[in-house]
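Computed from a prediction, not measured in an experiment: that's the story for all the values here. Below, each value reflects all heavy atoms present in this structure, side chains not excepted, and no hydrogens, waters or symmetry copies.
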Amino acid sequence: MTPAPYLALVLGVAILCQLVAYRLRVPSILLLLIAGFGLGQWVSPESVLGRDLLFAGVNLAVGIILFEGSLSLRFRELRGLSSAVLRLCSVTVLLAWGLAAAAGVVAGVDWQLSLLVGAVLVVTGPTVIAPIIRQLRPTRRVSSMLRWEGIVVDPIGAILAVLVFQALIVGGPDGALTTAALTLGRTLLISTVLTLVFGVLLEVAMRRHLIPDFLEGVAFLAVAVGSLVISNELQAESGLLTVTMLGIYLANRPGLRLEHVREFKEHLQVLIVGALFVLLAGRVSPGEVVAIAPTAALFVLLLVLVVRPVSVALGLLGTEATREERTLLAFMAPRGIVAAAVTSIFALEIEHAADEARHAAALGGDTPQETLALEASAQRLEQLVLESSGLVPLVFVTIVVTVALYGLGVGRLAERLGLATTSPHGVLFAGAPVWARQAAGVLGELKVPTLLVSLAPSEVAQGRMSGLKVERTHILSEYAVEDMELAGIGSLVAATHDDDTNSTAAREFGHALGQANTYQLRRQGEPLPRRSQPKEREVGQDEQRMTESRAKQQTASKLTARVAFSPPMSAPELDAATREGMQVRRTKLTDQHTLDDFRAREPDAVLMFLVVDGVATVVTPRTHLPQEGATLVALVRGG
């Protein structure tokens with residue numbers, strides 16, 4: 001197979017797996033790895049792309065992923081968590097490295113390779129953390145700790161692996177320590193300098209509007225790739241740290257707007273992640289997995305039950321993290337693409353080092369002692385090559401098992417700890433008028449969590465007096481958009497009196513909740529949706545002019561969200577209805593009291609929510625409503 005059809009097939013499989021995983025609500029990485037493993041038995045990625053091109057592409061792709069993730073890391077997220085995050089990215093990493101290396105030795109892996117594997121597997125990574133967070137939707141504190149750890153520890157793990165690798169190649173404690181110290185110093189210096197140079201250049205270009213909007217995404221991509229390659233040329237594997245530092249620097253510059261860049265990178269990251277997992281999984285054969293299975297089983301068991309819990313418990317001791325948060329973090333460490341990529345690269349580098357050592361030994365040294373030393377080094381590296389043959393399948397098994405365990409099992413643990421929900425179905429109200437407070441109260445009685453957001457002191461006070469959860473802020477404030485707690489929230493009803501605010505809020509919160517789950521009230525002055533006219537009916541000139549006039553006056557559909565409730569009503573109309581005595585109440589639809597019975601009894605009712613098994617759905621004119629077996633929340637006449 002030629003490269004073009006193969007790459008097209010990989011991309012198609014990657015997107016299909018992620019779509020199926022979303023529908024089935026399972027970690028997409030599991031399906032990607034399985035599909036890649038199966039595809040690799042038919043055609044190996046190295047046979048089509050070549051080893052050098054494959055690993056060069058993997059290196060660039062991993063750098064782009066880390067750059068995209070680091071652009072979302074804001075220092076303000078660390079308020080009340082700075083000590084915990086610092087420990088997760090330092091003390092916990094060192095503890096995990098030591099314990100993972102010990103686990104490798106216990107499982108039967110050579111001690112030198114155990115040190116390397118332990119360094120590689122301290123990482124979690126945005127490729128596995130982000131999908132789980134998106135599905136789990138934990139509290140802001142937990143989400144911040146997981147994202148900071150996943151993104152920052154990735155380059156740390158890669159650098160740690162480089163230091164161990166350099167020590168393995170050099171051999172001898174004195175030379176190894178000197179080489180490791182010099183490597184670490186060069187890596188930190190190069191990454192810092194390149195971050196400042198490229199970061200300042202991009203910041204100046206953005207502030208002076210030297211880059212047009214449509215080129216912002218690709219410009220940042222080009223700079224990230226350039227800094228990665230330059231850094232790696234100056235010091236091997238330092239590029240991941242460089243792009244991570246660069247992203248964090250840019251994300252925290254005051255007044256620097258990066259919305260276009262983040263949106264572009266998010267879409268690109270989804271594509272890259274899928275392709276990478278399919279490609280790297282295709283390099284593993286069934287025979288390799290079977291050969292390493294007993295060792296891998298014991299090793300992963302120790303990672304899950306000992307290494308992660310102990311390192312988190314000791315690392316976070318005395319920090320701001322609560323007991324529940326530490327418990328969740330102790331059982332949340334899936335391994336991702338960086339572990340797979342770095343292991344594959346180092347397995348290849350060990351082979352290259354062994355080839356060079358054999359060549360040097362064949363040429364001989366200037367003295368007999370040097371010749372003997374070269375031969376001993378060649379033999380040591382050849383033995384290391386033989387023992388390292390199981391590294392890639394070992395890490396592959398670790399990724400599959402940890403993603404399955406944590407991705408499928410962490411939801412129930414998080415729910416029991418009160419830190420997340422696997423099925424967020426709560427309702428966020430932008431605005432807290434009388435009818436919204438009544439609706440929140442009724443939904444609360446049905447065990448549906450709600451949150452009201454308002455700046456009006458009277459609405460906030462009355463909502464809190466009624467026992468409702470109310471945030472006093474503007475729905476478009478930086479706090480509401482970036483920092484407000486949305487754990488358990490599944491949909492938004494934008495219900496302020498400003499239609500433009502409602503539309504903007506619905507679009508903004510659509511990034512977190514999904515556009516299908518954000519609604520706004522009918523805009524003031526807009527007519528109710530009319531039934532479409534028969535195709536054969538001729539449209540008169542007057543009616544055509546009226547249609548054109550409405551098209552000029554109405555807000556563009558792409559700037560609006562789905563319209564809530566049936567029939568749709570504007571904010572003033574709902575307020576007027578409550579002043580006239582209408583109230584929000586719930587009605588259980590049964591075979592004795594069906595939907596038709598309800599409509600006959602309450603012809604003026606405004607249908608708002610349909611609750612089935614504790615899950616609330618916002619009713620729209622297109623919602624299919626069952627005759628029975630659900631609870632209907634509606635605005636009805638009092639009495």
Side-chain angles (χ1 to χ4, degrees), residues 137 140 259 424-444 448-526 555 557-566 568-578 584 606-610 616-620 623 633-635:
R137 202 169 300 162
R140 288 281 184 183
E259 289 80 7
H425 55 269
V427 180
L428 168 64
F429 291 91
V434 175
W435 64 266
R437 298 198 300 271
Q438 292 178 358
V442 172
L443 290 173
V448 176
T450 60
L451 173 62
L452 297 108
V453 174
S454 176
L455 264 180
S458 60
E459 293 182 349
V460 173
Q462 292 176 28
R464 289 175 177 171
M465 288 176 61
S466 300
L468 303 174
K469 186 177 180 180
V470 186
E471 286 275 9
R472 186 179 181 184
T473 185
H474 194 282
I475 190 62
L476 297 180
S477 67
E478 189 171 17
Y479 165 76
V481 172
E482 299 288 345
D483 301 322
M484 189 167 64
E485 186 63 69
L486 294 178
I489 298 298
S491 58
L492 163 76
V493 176
T496 72
H497 277 256
D498 187 333
D499 292 326
D500 292 333
T501 295
N502 291 341
S503 298
T504 304
R507 293 199 310 275
E508 185 63 39
F509 281 85
H511 295 298
L513 305 177
Q515 295 293 341
N517 300 315
T518 55
Y519 305 81
Q520 69 177 99
L521 301 182
R522 181 169 62 85
R523 298 177 70 90
Q524 301 175 39
E526 285 196 356
T555 304
S557 59
K558 69 178 181 179
L559 301 179
T560 61
R562 302 176 70 186
V563 179
F565 307 150
S566 179
M569 298 186 73
S570 64
E573 291 171 337
L574 287 169
D575 288 347
T578 55
V584 179
V606 179
L607 310 186
M608 294 181 163
F609 301 95
L610 187 70
T617 302
V618 180
V619 176
T620 72
T623 301
V633 178
L635 186 66

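- Of the inter-residue distances, the one linking S503 atom OG with E508 atom CD reads 13.0 Å to the nearest 0.5 angstrom.
- With sequence neighbours excluded, the residues forming a side chain to side chain contact (heavy atoms under 4.5 Å, CB included) with Q524 are D499, S570, P572, listed by chain and number.
- For S466, the side chain to side chain donor-acceptor pair (under 3.5 Å) criterion is met by no residue, not counting sequence neighbours.
- Applying the side chain to side chain donor-acceptor pair (under 3.5 Å) rule to S566 yields no partners; only residues at least two apart in sequence or on another chain are considered.
- One finds the CZ atom of F565 at 9.0 Å from the CG atom of L635 (value rounded to the nearest 0.5 Å).
- Identified under the side-chain hydrogen bond (donor to acceptor under 3.5 Å, both in side chains) test for residues 450-461, with sequence neighbours left out: S454-E459.
- Checking T623 against T620 by side-chain atom types alone, a donor-acceptor pair falls below 3.5 Å.
- T617 meets the side chain to side chain donor-acceptor pair (under 3.5 Å) test with no other residue; sequence neighbours excluded.
- Partners of E471 by side chain to side chain donor-acceptor pair (under 3.5 Å), not counting sequence neighbours, listed by chain and number: Y479.
- Annotation: side-chain hydrogen bond (donor to acceptor under 3.5 Å, both in side chains) contacts involving residues 426-440, sequence neighbours excluded, comprise R437-Q462.
- Looking at T518 and R507, their side chains never come closer than 4.5 Å, going by heavy atoms from C-beta outward.
- The shortest side-chain heavy-atom distance between P449 and K469 does not fall under the 4.5 Å cut-off.
- Counting only heavy atoms from C-beta outward, the side chains of T504 and L476 approach each other to under 4.5 Å.
- E485 meets the salt bridge (charged side-chain N to carboxylate O under 4.0 Å, His left out) test with no other residue; sequence neighbours excluded.
- To the nearest 0.5 Å, atom CG of residue L455 and atom OG1 of residue T473 are 6.0 Å apart.
- Residues V453 and H474 are not in side-chain contact: their nearest non-hydrogen atoms beyond the backbone lie 4.5 Å or more apart.
- A571 pairs by the side chain to side chain contact (heavy atoms under 4.5 Å, CB included) definition with H497, L521, not counting sequence neighbours.
- Between F609 and V493 there is a side-chain heavy-atom pair separated by less than 4.5 Å.
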